[in-house]
J.: 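Pasting a structure here, questions to come.
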Amino acid sequence: ALESLLTVLSQKEPDMIIIFAGYKNEIERMLKANQGLSGRFPYHFHFDDYTADELLHIPKGVISRDEHFLTQEAEELLADPIAESVSMKDEDFSNARWVTQYVENGIIPAMANRLIANEDLSTESCQTITAEDIATAYPNFRIDRTASVRSERLDINRLQELPRVGFRIA
């Protein structure tokens with residue numbers, strides 16, 4: 001793909017704009033992999049990671065998009081795991097992706113398991129995320145700084161392969 005891009009970019013006035021988006025180290029490594037590539041991308045913009053307060057807006061959007069809602073207690077508790085994760089983040093922390101996966105692959109399945117265990121499948125229950133769901137999901141998404149080997153930590157990307165569990169009200 002990069003070779004094809006270089007062919008287009010070597011034309012006098014190409015009629016396209018190409019934007020690479022990604023983490024700084026990975027983008028730099030890609031640009032260094034081909035001598036002709038870095039000179040063709042003279043503009044580099046860095047965007048800071050989201051703060052914990054900014055990240056808190058993302059799960060609320062995901063939750064409301066999927067027609068769920070948080071109890072007051074759950075909404076208050078949701079800030080804690082996000083703040084802790086931001087404070088513990090390392091170079092592998094995926095920021096917005098982490099918080100989205102925390103909701104989709106952690107909180108929603110925790111809610112589903114709670115509902116099945118309690119045999120409570122009313123419409124309101126199937127839409128309500130409780131503090132228990134938030135707390136139950138977090139241990140699987142908690143950043144472990146004590147792990148000395150990367151492979152010992154939870155691989156959040158692996159969680160994308162797991163089937164989604166949840167409810168959608170028709």
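Here the structure is a predicted model, which means the values were calculated and not measured.
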J.: Given side chains that start at C-beta, do those of H68 and I108 come closer than 4.5 Å, heavy atoms only?
T.: yes
J.: Nearest 0.5 Å, please: how far is SG in C126 from CE in M111?
T.: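 Taking CE in M111 and SG in C126, the distance rounds to 6.5 Å.
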J.: Hey, what else clusters with F69 if you join Ile, Leu, Val, Met, Phe, Trp, Tyr whenever side-chain heavy atoms sit under 4.5 Å?
T.: none
J.: In terms of relative ring orientation, are F41 and F20 parallel, tilted or perpendicular, with 30° and 60° separating the classes?
T.: tilted
J.: Does CD in E26 sit with more than 12 non-hydrogen atoms of other residues, nucleotides or ligands closer than 6.0 Å?
T.: yes
J.: If you take all heavy atoms of A131 and A74, which pair is closest and at what distance?
T.: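 Where A131 meets A74 most closely, the heavy atoms are N-CB, 3.4 Å.
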J.: Do the side-chain N and O atoms of T130 and D133 include a donor-acceptor pair separated by under 3.5 angstrom?
T.: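 Yes, side-chain donor-acceptor contact under 3.5 Å.
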J.: Drop me the distance from L121's CG to I116's CD1, to the nearest 0.5 angstrom.
T.: 7.0 Å
J.: Is there a donor-acceptor pair closer than 3.5 Å between any side-chain N or O of E67 and the backbone N or O of Q127?
T.: no
J.: If you define the side chain from C-beta out and look only at heavy atoms, does anything of E28 sit under 4.5 Å from L31?
T.: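 No. Closest side-chain heavy atoms not under 4.5 Å.
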J.: With rounding to the nearest 0.5 angstrom, report the CG to CD1 distance, L70 to I63.
T.: 4.0 Å
J.: In Å, rounded to the nearest 0.5 Å, how long is the span from CZ of R114 to CD1 of I129?
T.: 9.0 Å
J.: List the atom of E84, the atom of R142, and the distance in Å for their closest heavy-atom pair.
T.: OE2-NE, 2.6 Å
J.: Looking at residues at least two apart in the chain, or sitting in another chain, which of them share a salt bridge (Lys or Arg N to Asp or Glu O under 4.0 Å) with D49?
T.: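 Applying salt bridge (Lys or Arg N to Asp or Glu O under 4.0 Å) to D49 gives K89.
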J.: What's the shortest heavy-atom distance between I107 and A137, and which atoms?
T.: N-CB, 3.5 Å
J.: Same cluster or not: I27 versus Y23, using hydrophobic residues (I, L, V, M, F, W, Y) connected whenever any side-chain heavy atoms lie under 4.5 Å apart?
T.: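 Different clusters: I27 never reaches Y23 through Ile, Leu, Val, Met, Phe, Trp or Tyr contacts under 4.5 Å.
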J.: Do F47 and V99 land in one hydrophobic cluster if side-chain heavy atoms of ILVMFWY residues count as linked below 4.5 Å?
T.: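 The answer is no; the residues belong to distinct hydrophobic clusters.
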J.: Fit a plane to each ring of W98 and F141, take the angle between them on a 0 to 90° scale, and name the class: parallel (under 30°), tilted (30 to 60°) or perpendicular (over 60°).
T.: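 Rings of W98 and F141: perpendicular, as their planes differ by over 60°.
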J.: How long is the gap from CZ on R97 to CD on E104, to the nearest 0.5 Å?
T.: 12.5 Å
J.: Would you say I58 and Y50 make side-chain contact, with heavy atoms under 4.5 Å?
T.: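 Contact flag for I58/Y50 side chains = yes.
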J.: Atom OG of S94 and atom OH of Y102: how far apart are they, to the nearest 0.5 Å?
T.: 14.0 Å
J.: Which pair of heavy atoms, one from P81 and one from I134, lies closest together, and at what distance?
T.: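 In terms of heavy atoms, the two residues are closest at CG-CG2, 4.1 Å.
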J.: By salt bridge (Lys or Arg N to Asp or Glu O under 4.0 Å), which residues pair with K60, not counting sequence neighbours?
T.: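 For K60 the salt bridge (Lys or Arg N to Asp or Glu O under 4.0 Å) partners, ignoring immediate neighbours, are E75.
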J.: Do you know which two heavy atoms are closest between P109 and V103, and how far apart they sit?
T.: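 Heavy atoms of P109 and V103 come nearest at CD-O, 4.2 Å.
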J.: Could you pull out the closest heavy-atom pair between I143 and S85, with the gap in Å?
T.: CD1-O, 3.3 Å
